[in-house]
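Step one of this worksheet: look at the structure below.
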2 protein chains.
Amino acid sequence: MNLPADSPFGPENLPYGVFSPDGGAPRVGVRIGDQVLDLAVALGDEVFAEPALNAFMAQGYDRWVEVRRRIQDLVAGEPPAAALHPVGEVVLHLPFEVADYVDFYASEHHASNVGRLFRPDAEPLLPNWKHLPVGYHGRAGTIYVSGTGVVRPCGQRKGPDGPVFGPSTRLDIEAELGFVVGAGTPANSPISPAEFPRHVFGAVLLNDWSARDIQAWEYVPLGPNLGKSFATSVSPWVVPILALDGARIPLPGQTDPVPLPYLAESRPWGLDIEVTVRWNGQEVARPPFREMYWSPAQMLAHLTVNGASARTGDLYGSGTISGPEPAERGSFLELSWGGRNPLTVNGEPRTFLEDGDEVVFEGTATTASGAKLGFGELRGRVLPARQS
Amino acid sequence: MNLPADSPFGPENLPYGVFSPDGGAPRVGVRIGDQVLDLAVALGDEVFAEPALNAFMAQGYDRWVEVRRRIQDLVAGEPPAAALHPVGEVVLHLPFEVADYVDFYASEHHASNVGRLFRPDAEPLLPNWKHLPVGYHGRAGTIYVSGTGVVRPCGQRKGPDGPVFGPSTRLDIEAELGFVVGAGTPANSPISPAEFPRHVFGAVLLNDWSARDIQAWEYVPLGPNLGKSFATSVSPWVVPILALDGARIPLPGQTDPVPLPYLAESRPWGLDIEVTVRWNGQEVARPPFREMYWSPAQMLAHLTVNGASARTGDLYGSGTISGPEPAERGSFLELSWGGRNPLTVNGEPRTFLEDGDEVVFEGTATTASGAKLGFGELRGRVLPARQS
């Protein structure tokens, strides 16, 4: 195929998604340049005629390697024209059925910033933070694909004379990566960090929409719930871990303390990925995944070390990606420092989201050879609160 | 049918489950006395030949009413012998596919006890507790049916010189009820407390196995995760809300403060249900659901008020049921007061679970007319930690 050498969707990437060709049923495709390759047509395999990646993912690592090689062979030549659709002419769907969803908190800069904002009188990092990847389960049933509108949630927030109920006044984003388990593990068979690429199929951009006022009031002692459970958005393209292997880099920390043995990595799974955050068209941050304290391989090792099984379709988020610089913070909570230092967006002072606002994430991984792998866009617009 | 008048599985109960007759495929049945009625055979409807209740539940409230009436008609006469199996001769399965799982914390006595134990220098109840049913999402993929062995989980716990890794030394139970959503709701269509019986299909006994040492180290600031995610057990029989309607009673509190309007109940959904907890055969507690502060109708109203959808198969737990009396506490953490006051079980002092221990819950609802509705047994045995 004729592809520009610098395409973020070249033969080193090959992200998977689920698309509908004009009037057709949802099916699995791979993005190549500005085209979508219909895999059921191109490879003649019914597993790709499914409306989700789950059946293919469940076939396991060896099959992922084989299919990737076959697609690369196709792309090196000329794929059948009948299997190609311009990406602008198809509808993109949630690419997989979500089993369990867990969200981590793996950026030291983010956790420290939130600690300073939510608990100003205490040490910003809690004592457990550098010993384990802190995380919690979120709502799998409210994960939506890019482009789905986000209705402003209602809920309780603290008022001067007790809680008040109404639309959130501090609606925020969290710029994250999400990791999709392709091949699970039965109960009591933990996945070591070295086994990560045999179990995790790929990565997506993830927006963990957060109502900070609802969250601040509800979150003790059992963690966030309604402040998060109304919506989580993911990008339509799942970038294979087989592609991201080339973007591996060492983690920036973990020398003091050294993690317990079950979290030790023999090959590092830090990733050189940068996300850009645009608010109503204006770039407001560039969160760097390369600065994350915990790797996605460590997150999965932690999730399963207690004997918990993992299933095809399990999704786990990294937690907000924030770097050390102010312009590298992945939430408006941090970018506006709790609303006290408004950002200037299109000439206006802004803190949290207003109705009609649109937020777009883009992500790019850089491989050791300098290739750029695109994640595409994750787009979401805020809709007014439901009238009650 | 010939049933003893005091059977806990008489025509006022009719709980649903999924069973395998000798050598057969899993299918939906109803427990009547000591028999299981095969509904696919008895009613000639393929929705009951499914290996889970989900397809039937998704048909909605009117259908639940109709099928219940047809079963009551059958039981009033003589159901076909080919449709009846002795309950002791069938295998019982997890009765539904779990979509999302949420666990609440709705007993004031439990929350106060845990507050005193985990945060001895602070007020036992946090400021939000009487304003909203505090809850968090748990792991849906590790919900098991009664009888499944529970392998002692490994994990990090606090040690004198930093965290140590190993099998939990404080493995505990939590005696709860679980509520199963039969008919969900789309996004941004909250379920009011009055609509509870049209959406929730039934209730089960639930054991929220908890590793207290892992939980205490990990739970700040995002809540419990690995201390709970290794296993949650549920009873095989789902007692219909249509049956429990007769066991409704007022809630014991909610006068100071009065809940916000979205949590107000016009018909009370307190439930007169008592659970018994046996540890290696000895009864150690009788947790009373009638003492719960928040009702299951309020829990679902809270879960969906922010716009979150609910799905067929969503399960939510009540949180540990503890009453005001010491012998009414639903966890060993409370019964042994943090391990400081051992219980005497079969003549030996005991605090937390040892390998080989078996815990059995039973539940009984009492209706206004005095009928007893059984939940059956929820049984689990502790297996030794995996060798790593």
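As the structure is a prediction and not an experimental result, all values here were calculated from the model. Order of the sequence lines sets the chain letters (A, B, ...), proteins ahead of strands, with each chain counted from 1.
In this structure, the portion of Y262(B) lying under 4.5 Å from any heavy atom of chain A is its side chain and not its backbone. In this structure, the portion of Y144(B) lying under 4.5 Å from any heavy atom of chain A is its side chain and not its backbone. Contact annotation for A211(B): neither backbone nor side-chain heavy atoms come within less than 4.5 Å of a heavy atom of chain A. Heavy-atom distances place the side chain of L263(B), and not its backbone, under 4.5 Å from chain A. Using a 4.5 Å cut-off between heavy atoms, P127(B) contacts chain A through both its backbone and its side chain. For a residue to count as touching a neighbouring chain, one of its non-hydrogen atoms must lie under 4.5 Å from one of that chain's; by this rule L260(B) touches chain A with the side chain only. Proximity to chain B is limited to the side chain of L126(A), based on heavy atoms less than 4.5 angstrom apart. In this structure, the portion of V102(B) lying under 4.5 Å from any heavy atom of chain A is its side chain and not its backbone. Contact of R119(B) with chain A is made through the side chain alone, with heavy-atom distances under 4.5 Å.
Each of A187(A), A140(A), G307(A), G155(A) has some count of heavy-atom pairs under 4.5 Å with chain B, and the biggest count is that of A140(A). Between chain B and the residues T142(A), N225(A), D100(A), the largest count of heavy-atom pairs under 4.5 Å involves D100(A). Across G227(A), S229(A), G162(A), the residue that shares the most heavy-atom pairs under 4.5 angstrom with chain B is S229(A). Heavy-atom pairs under 4.5 Å with chain A peak, among A111(B), P153(B), P221(B), at P221(B). Of the residues considered (R139(A), R311(A), K158(A)), R139(A) shows the highest number of contacts with chain B, using heavy-atom pairs under 4.5 Å. Of the listed residues (F230(A), W217(A), W129(A)), the greatest number of heavy-atom pairs within a distance under 4.5 Å of chain B belongs to W217(A). Taking G184(A), G135(A), P261(A), P167(A) one by one and counting their heavy-atom pairs under 4.5 Å with chain B, the maximum is reached by G135(A).
V220(A) and N128(B) make their closest contact through O-ND2, 3.0 Å (heavy atoms, listed as atom of the first residue, atom of the second, distance). Minimum interatomic distance between L94(A) and V145(A) (heavy atoms only, all atoms of both residues): N-CB, 3.5 Å.
Ion pairing between K228(B) and E174(B) holds under the 4.0 Å rule for side-chain N and carboxylate O.
Annotation: salt bridge (Lys or Arg N to Asp or Glu O under 4.0 Å) contacts of E334(A) (sequence neighbours excluded): none. Scanning for salt bridge (Lys or Arg N to Asp or Glu O under 4.0 Å) contacts around E265(B) gives an empty result, with sequence neighbours left out.
Under the 3.5 Å distance criterion, the side-chain polar atoms of T304(A) are left unmatched by any main-chain donor or acceptor of A308(A).
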Practice item. Show your working on salt bridge (charged side-chain N to carboxylate O under 4.0 Å, His left out) between D121(B) and R116(B) and close with a plain yes or no. Key: CA-CA 8 Å; D121(B) 302 325; R116(B) 286 186 196 102; over 6 Å; no
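Residues P259(B) and H131(B) are not in side-chain contact: their nearest non-hydrogen atoms beyond the backbone lie 4.5 Å or more apart.
Close placement of the H110(A) and Y105(A) rings is indicated, their centers lying within 6.0 Å of each other.
When F179(A), Y136(A), W294(A), Y101(A) are each tested for a ring-ring contact (aromatic ring centres under 6.0 Å, His included) with Y316(A), only one passes: F179(A).
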